[in-house]
Amino acid sequence: MNKPPSKRLWVLFLLLGAAVIFGLAQGAARIPLNELLLKENQAVLNMRLLRILAAILVGSGLSVAGIVLQAILRNPLAEPYLLGTSSGAGLSAVIAVILGVSRIYMPLAAFMGAVASIILVYALASERKRIADRSLILCGVIVSIAFSSIIVFLVSLFGNQAMHEMNWWLWGSLQVYDWKLVLLVSLPVLLGIGAIYIFAQDLNAIQLGEEEAAHLGIDTQKVKNILIMITALITASLICICGIIGFVGLIVPHMMRQVVGANHKALIPVTCLAASIFMVGCDIISRTLFAPVEIPIGVITAMIGAPVFIVLLKRGQGAAG
Amino acid sequence: MQKIILLLSIVFAPCAGLADTPRYISLAPSTTEILFALGLGDQIVGVSSYCNYPPAARAKTRVGDFSNPNLEKIISLKPDHIFCTGLEQAPVIEKLKYLKINTYVADPAGTQELFASIAEIGEITRRRKEAGELIARMKGDIERIASLTRLIPPEARVRVFAEIWHEPLMTAGKGSLLDEIITLAGGINVAHDVKRPYCNFSAEKVVALDPQVIILVYMDREPALKLVEGRFGWGNIAAIRDKRVFNDIDPDLLLRPTPRVSEGLARMYEKLYPGHE
């Protein structure tokens, strides 16, 4: 397990490349490999490419958001949707459907809902410009529960269309139709990941404890605020294109900590790559297993993520004990 | 539970009213339409909040939504018979049976089963004659279009993709009413090979199947073409190139097993073969 970090990155890069090629070759429309590059199959190939790009974006964005929240809240259960973004986006989308807003504006509605819920959670949790980790988590959970109950309430009142929208919100989907939207979303996500990487050392210090970090000359409150806002922006942007995809942001960071340790300088790039591979793989399964029927991506990530994680955890415990 | 019923029956006894006219509750939009079509509107004492047709159904007492009817409310209305569908209503049906309330479950997956349901409902409600006439009328309307389309050779049939929902992309496969409507209207449902009535569907498969008509089975204010033409990779689908994407057929006509199925079929036929009337 003690390979030098650069070698590990190369292995992951190669694996990702293989996953991308496999993902391009496989799909519901059965096209023989030698015909894949023909002009008449261009559209299908482009669609697969866009999905793969979305999968990579979602995987790396959510997993890095997960890393940050786990480190600064010092809570292993922290995940990107902890701060109420998911239910905020879902609620906003369901309301938009009920109001008869055209679905062209649905991503915007989801984004605004996610941002609004983060602002709400932050406002509720802050006390004299300080934010305690615990109250942030609690406020996030409470806002999530409250919003979820409003969603179910609205669905039971308004029925069918709202229910469809809730379904999308619950299980997520990498079926993206709009390449401009993917491009637009990739901007905050990639910039966010880059910014988080710059804070890698600070994350290492904060992870030890706020006092220790303060001793090292880090303005912990400020760094925490900045990082939470960045993760929120990443998550809110990703929700626009894919709804909610659970497990990636929770499990992949833990898996990679088992492999490379808790140093964020190494953890962040390795997790980005591993999560991308994971998402591209899950997406391939979701669209080919029962093709042309698609299985919701969230179901696949949970079904594969859970057992793999347990194996890694047990192994880690064995090595430690 | 029985004590509650007893208590309720005492409380609500005064509003029970005329004892000899049967009282019906319909928990599904489809059975509500059938009951109204059999001329039983006056005897319906409760409907679900989803029951929106005919307009008179909206004025009826609501007993809860489709999957969550209120049992107390139902009991208080003293129904002689309850009509519902099997899908999401299974847990409720169990409870109704436990309470020994007469319950009829109509779950027709196609027109033949729909005729059978209507006949059975006619039997239960003692409207055998009306049911017979209704079925004959529906069969006549359907046959009028089926006779036009029967002779269309397979290669000349229009390939149709029915989009039930956009995200995730959903369609209707074999065993759904919609699949049968498309077939009767002389089209080929491109998702016919999917052995599930309703399911998520692959967007790239739609591109590969190249439908000539796309029917969106949901409401939106925007014109139908605008909703799909911007989709990445879909630009070359025949339906989009020829601007034959429609969302102006009322979804209820295509999804609900009701006497209005023939109307849905007629609308579908107009879309697939315009000017062939």
Side-chain angles (χ1 to χ4, degrees), chain A residues 27-31 39-51 54 93 97 99-107 152 155-161 163-165 167-169 171-182 241-243 286-288 290-297, chain B residues 29 48-52 62 64-69 88 161 164-171 173 190-196 198-210 216-223 226-237 240 247 251-252 255-256:
Chain A
R30 291 201 186 284
I31 301 169
K39 199 158 185 300
E40 68 220 48
N41 294 323
Q42 189 70 46
V44 169
L45 200 64
N46 285 347
M47 288 170 83
R48 288 180 188 168
L49 190 62
L50 187 68
R51 266 186 98 126
V97 166
L99 292 180
V101 174
S102 170
R103 60 153 292 46
I104 291 169
Y105 305 107
M106 234 26 99
V152 177
V155 166
S156 66
L157 272 187
F158 292 94
N160 231 346
Q161 300 232 331
M163 190 141 66
H164 275 301
E165 203 58 39
N167 237 348
W168 165 82
W169 161 77
W171 290 111
S173 165
L174 279 175
Q175 209 169 48
V176 277
Y177 295 129
D178 189 349
W179 66 270
K180 285 180 205 145
L181 188 67
V182 174
I241 54 169
C242 65
S286 106
R287 61 200 166 92
T288 57
F290 294 112
V293 177
E294 285 198 6
I295 307 162
I297 183 89
Chain B
S48 82
S49 58
Y50 290 10
C51 297
N52 56 0
R62 304 283 168 96
D65 71 25
F66 183 61
S67 50
N68 253 321
E88 288 103 329
F161 177 66
I164 305 270
W165 195 247
H166 38 77
E167 270 166 290
L169 194 64
M170 286 179 78
T171 192
V190 294
H192 181 75
D193 291 339
V194 178
K195 305 265 181 307
R196 261 164 269 203
Y198 299 99
C199 59
N200 293 359
F201 199 74
S202 156
E204 70 170 49
K205 189 76 182 174
V206 177
V207 174
L209 291 165
D210 195 31
L216 308 182
V217 196
Y218 49 84
M219 301 289 195
D220 201 294
R221 277 181 195 169
E222 300 290 337
K226 196 179 169 194
L227 294 171
V228 295
E229 69 180 349
R231 286 183 191 166
F232 191 64
W234 278 39
N236 258 330
I237 294 177
I240 292 174
N247 68 346
D252 294 343
L255 299 176
R256 273 186 199 170

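As a basis for the values below, the full set of heavy atoms in this structure was taken, side chains included, without hydrogen atoms, waters or symmetry mates. The structure displayed is predicted, hence computed values, not measured ones. Lettering of chains follows the sequences in order, A, B, ..., and the numbering in each one begins at 1.
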Q) Can you tell me how far the CD atom of A/Q175 sits from the CG atom of B/N200, to the nearest 0.5 Å? A)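 Output value for this atom pair is 7.5 Å.
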**Q.** Between OH on residue A/Y177 and CG on residue B/L227, distance to nearest 0.5 Å
**A.** 11.0 Å
Closest approach of [X] and [Y], non-hydrogen atoms and distance?
{"X": "A/P292", "Y": "B/K205", "value": "CB-CG, 3.6 Å"}
{"X": "B/G233", "Y": "A/A43", "value": "O-CB, 3.5 Å"}
{"X": "A/N46", "Y": "B/F232", "value": "O-CE2, 3.1 Å"}

(Q) Could you work out, with salt bridge (charged side-chain N to carboxylate O under 4.0 Å, His left out) as the rule, every residue matching A/R51, not counting sequence neighbours? (A) A/D283, A/E294
Q) For B/K195, does the NZ atom sit with more than 12 other heavy atoms under 6.0 Å from it, leaving out its own atoms? A) yes
(Q) Tell me which of these, A/S286, A/A291, A/A29, has more heavy-atom pairs under 4.5 Å with chain B than the rest. (A) A/A29
